[in-house]
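Worksheet: the structure to be examined is printed underneath.
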Amino acid sequence: MKKEQNGMAVAGFILSMLSLPLFITGFLCMLGVILYPFLALVFGEAAGLIALFGIILSAIGNGRSYGDNVAGAGLSIAGLLIGTMVLTLVLSVTALWITTSVMGIQLLPALFAI
């Protein structure tokens with residue numbers, strides 16, 4: 001008997017995977033390596049929102065995957081892990097950016113100070 005596909009698990013995994021390159025692009029913008037530093041906010045917040053939607057869809061897909069004839073448990077767990085990792089990174093970098101801005105410290109020299 002063939003298992004039924006779990007669209008929520010697949011969608012959650014895809015959204016979580018899409019948020020990872022967005023975060024990396026935003027982080028590189030923040031460091032001034034590519035594009036403009038103000039785009040870091042755009043890419044970072046987009047990565048956070050997409051990761052949040054990926055987490056929600058993966059959680060719904062994970063709940064559905066415990067049915068009798070539904071596949072997708074692995075994809076939903078992977079989507080949960082990747083989405084949570086990206087969301088944690090986005091929140092951490094945003095907190096770092098806000099803290100250094102309030103204290104008047106330039107972020108790039110502070111990161112690479114020896």
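Both backbone and side-chain heavy atoms feed into the values below; hydrogens, waters and symmetry mates do not.
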Rounded to the nearest 0.5 Å, what's the gap from [atom1] on [X] to [atom2] on [Y]? Could you check?
{"X": "Ile56", "Y": "Met8", "atom1": "CD1", "atom2": "CE", "answer": "10.5 Å"}
{"X": "Phe23", "Y": "Thr88", "atom1": "CZ", "atom2": "OG1", "answer": "10.0 Å"}
{"X": "Ile55", "Y": "Asn62", "atom1": "CD1", "atom2": "CG", "answer": "13.0 Å"}
{"X": "Ser92", "Y": "Leu87", "atom1": "OG", "atom2": "CG", "answer": "9.5 Å"}
{"X": "Leu52", "Y": "Leu15", "atom1": "CG", "atom2": "CG", "answer": "10.5 Å"}

Please say yes or no: joined through hydrophobic side-chain contacts below 4.5 Å, possibly via intermediate residues, are [X] and [Y] part of one cluster?
{"X": "Phe43", "Y": "Phe53", "answer": "yes"}
{"X": "Leu18", "Y": "Leu75", "answer": "yes"}
{"X": "Leu20", "Y": "Leu28", "answer": "yes"}
{"X": "Ile77", "Y": "Val70", "answer": "no"}
{"X": "Leu81", "Y": "Leu91", "answer": "no"}

Looking only at non-hydrogen atoms, find the nearest pair between [X] and [Y] and report the distance.
{"X": "Ser19", "Y": "Val86", "result": "OG-CG1, 3.6 Å"}
{"X": "Leu57", "Y": "Ala11", "result": "CD1-CB, 3.9 Å"}
{"X": "Leu41", "Y": "Trp97", "result": "N-CZ3, 3.9 Å"}
{"X": "Gly61", "Y": "Ser76", "result": "C-CB, 4.0 Å"}
{"X": "Ser16", "Y": "Ser58", "result": "OG-OG, 4.4 Å"}

Met85 atom CE: more than 12 heavy-atom contacts under 6.0 Å: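 Enclosed.
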From CA spacing to verdict: side-chain contact (heavy atoms from CB on, under 4.5 Å), Phe27, Leu89: CA-CA 10 Å; Phe27 188 71; Leu89 287 171; over 6 Å; no
